[in-house]
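I have placed the structure first, in the form of structure tokens, so that the comments after it can refer back to it.
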Amino acid sequence: MPEMSISELTTAELQSGLQAGTFSAVELTQSYLDAISRREESVGAFLTVCGESALSQAAAVDARRQSGEQLGTLAGIPVALKDNICTAGTKTTCASRMLENFVPPYDAHIVTRLKAADAVLVGKTNLDEYAMGSSTENSALGKTRNPWDLQRTPGGSSGGSAASVAARLTPLSVGSDTGGSIRQPASFCGVVGMKPTYGRVSRYGLVAFASSLDQIGPFATDVTGAASLLEVLAGHDERDSTSVNRPVPEYSRSVEQPLEGLRVGVVQEHFAEGIDEEVASSIRAAIEVYRSLGAEIVDVALPHSKYGVAVYYLIASSEASSNLARYDGVHYGHRASEFENMVDMYAASRAEGFGDEVKRRIMLGVYALSEGYSDQYYLKALKVRRLIRNDFDAAFKNVDVIAGPTCPTPAFKIGELVDDPLQMYLADVYTISANLAGIPGISVPAGFSPAGLPIGLQLLAAPFEEEKLLRAARMFERETDFHTKVPQF
Ligand code: GLN
């Protein structure tokens, strides 16, 4: 099957092609593996490609289809996983020297779910070390480039997962989002990326960064593909005490129904200082699309979101400093080969295993939690976090979704912000509040800058309103063709 036709197919079209026997799962998987061998060298989306096991999973799907067996909803569809999601028998590195050779003895909950849905697992994608970053440049194990401009970053931290879908190396991928790590790279790479409500998807087997913020979610070339993948990822799991026991709607079915009487909230502060004019004008145009569909556009205020970045970097770093204490070269992770005594062994192992950004977060977190400072920093941040959530609760009394930019700028150049961590942190200004409030958010392609770089529209909704969010996103997508554009390189 010619590669061109595959990269133009949506997940739904791939599913019907497989069902109709237009192509087999082996042919489909092989054509994506061919795309990987042709383009991966330029993109660098993967840390591990599991070609052989992908083909044998695909062959098993074909054989079961032949015998008339009932198959899972993603049967034969290739999926890539961010390399902070545990896969039994396959390395899970978090793009860190610390876990460079770590092979988990178990599958993450979502991996079990994907296998039960008969998806084909193609490989593990690059990320910022331990998911800390916004450009994938903090990876200790590889460089990922933005398929729209190879001089630019794909965003981060799920940069490899976003780039894989953008470059059509896989139709779907999975990422994690603690402060924007699915939505921001989705925006930079011109694909759909969604962070579900905190608790919607089990975190069991996701290597913890900031446990009260981390959430796993889908990437796809279109909204319907993201809906199909979320349907598989979501659901209760007793092994994650924050996983919520609620039925999972059939997102992939309901997504096609437009919403009647949709109320779209707009936050004026989103268009204030710091946003690129090219981004602002695409987002204004997107809001006009909703207006033309009969939606009511309502101004909403989120007065505490301006503290989001500060609050996030205190809470996320505090939790990270605690979660990363386990990497001491004894319980987990790299152990230094030379040391003088036990304490020195811990220190040397951590000094060698962690990169600069991870160390920065640990130091920030340990400081924010330290005796005499935790009231001023960590506890204060928790209080402001509550105010941010209250603002959203009030806003969602009047609107169904809030629409705005995913990021203030399109993709920046590789090397442009690495030496300026504060500037890098500001890339998350619009995405962070959703994690602090625990609400779902999605980024959908909504335009291109004059230089041809993708621009993302972010939609947010109240907790567990994923269905509404996907339907609202699909309404916009149906009216526009940004998601159909494929990068040429
Ligand atoms: N860019 C943010 C950070 O560096 C968010 C990362 C994420 O969502 N994992 O922490």
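Order of listing sets the numbers, starting from 1, for every ligand and every atom in it. The shown structure was predicted, so the numbers you read here are calculated from the model rather than taken from an experiment.
The aromatic rings of His270 and Tyr430 stand perpendicular to each other, their planes meeting at an angle above 60°, with 30° marking the opposite boundary.
In summary, the atoms of ligand 1 found under 4.0 Å from a heavy atom of Ala131, numbered by their order in the structure, are 6 (C), 7 (C), 9 (N). Numbered from 1 in the order shown, with element, the atoms of ligand 1 that lie under 4.0 Å from a heavy atom of Asp428 read 1 (N), 2 (C). Each of the following atoms of ligand 1 lies closer than 4.0 Å to a heavy atom of Phe209: 9 (N), 10 (O). Residue-ligand proximity, Tyr313 to ligand 1, at heavy-atom distances under 4.0 Å covers atoms 1 (N), 2 (C), 3 (C), 4 (O), 10 (O). The ligand atoms of ligand 1 that sit less than 4.0 angstrom from a heavy atom of Tyr312 are 2 (C), 3 (C), 5 (C), 6 (C), 10 (O).
Between Gly179 and ligand 1, at least one N/O pair is under 3.5 Å apart. The shortest N or O to N or O distance between Met132 and ligand 1 is not below 3.5 Å. Looking at Ser176 next to ligand 1, no N or O pair under 3.5 Å apart turns up.
Nearest heavy atom pair, residue Leu453 against residue Asp149, reads CD2-CB, 3.9 Å. Shown here for Ala316 and Phe209, the closest heavy-atom pair between the two residues is O-CE1, 3.9 Å.
Within 6.0 Å of OH in Tyr373 there are 12 or fewer heavy atoms belonging to other residues, nucleotides or ligands. In the displayed structure, Phe448 atom CZ is contacted under 6.0 Å by more than 12 heavy atoms of other residues, nucleotides or ligands.
At the shortest separation from atom 6 (C) of ligand 1 among protein heavy atoms lies Ser181 OG, 2.8 Å.
Under a 4.0 Å heavy-atom criterion, Ala316 is not in contact with ligand 1.
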**OP:** For the pair Phe188 and Phe412, evaluate ring pair (Phe, Tyr, Trp, His ring centres under 6.0 Å) and give the outcome as yes or no after the intermediate values.
**Re:** CA-CA 9 Å; Phe188 278 19; Phe412 43 84; 5.5 Å; yes

Show, in sequence, the C-alpha distance, side-chain angles and deciding distance for Ser212 and Glu319, and conclude whether the side-chain hydrogen bond (donor to acceptor under 3.5 Å, both in side chains) test is met. CA-CA 8 Å; Ser212 78; Glu319 294 183 16; 2.6 Å; yes

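Side chain to side chain, Asn126 and Asp83 fail the donor-acceptor criterion of an N or O pair below 3.5 Å.
Under 4.0 Å from ligand 1, heavy atoms of Thr178 appear from its side chain as well as its backbone. For Glu357, no heavy-atom contact with ligand 1 is shorter than 4.0 Å.
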